[in-house]
Amino acid sequence: MSRRGETVPFAFIAQADRFRSNVTPPPRARRSFRQVAGSALVGVTIVAGLVGSVLLGGPALTDNQVPARDHPAAAEGR
């Protein structure tokens, strides 16, 4: 297998940083009010779901164990 003397296999890749196009892309279309409101509503729904899951799941994660007694309940009358 012979190696070429080029550092880059394709010469156009090495020249890509010097290339400038005279064609400008079209400007981005502005989003309508409905699109902005819809994406805001989706964002608020996701945040509300995360906050709600933390609020509802928090009590389930707490350790509410009653401390163990030193003697059994059957021996209280003795």
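It should be emphasised that the depicted structure is a prediction, and the values quoted were computed from it without experimental measurement.
V51 belongs to a hydrophobic cluster whose other members, connected by ILVMFWY side-chain contacts under 4.5 Å either directly or through intermediates, are V47, L55.
Among pairs with a residue in residues 31-42, those fulfilling side-chain hydrogen bond (donor to acceptor under 3.5 Å, both in side chains) read R31-S39, at least two apart in sequence or across chains.
Take V44 and apply the side chain to side chain contact (heavy atoms under 4.5 Å, CB included) test, not counting sequence neighbours, and it matches no residue. Partners of I46 under the side chain to side chain contact (heavy atoms under 4.5 Å, CB included) rule, at least two apart in sequence or in another chain, are V42, L50.
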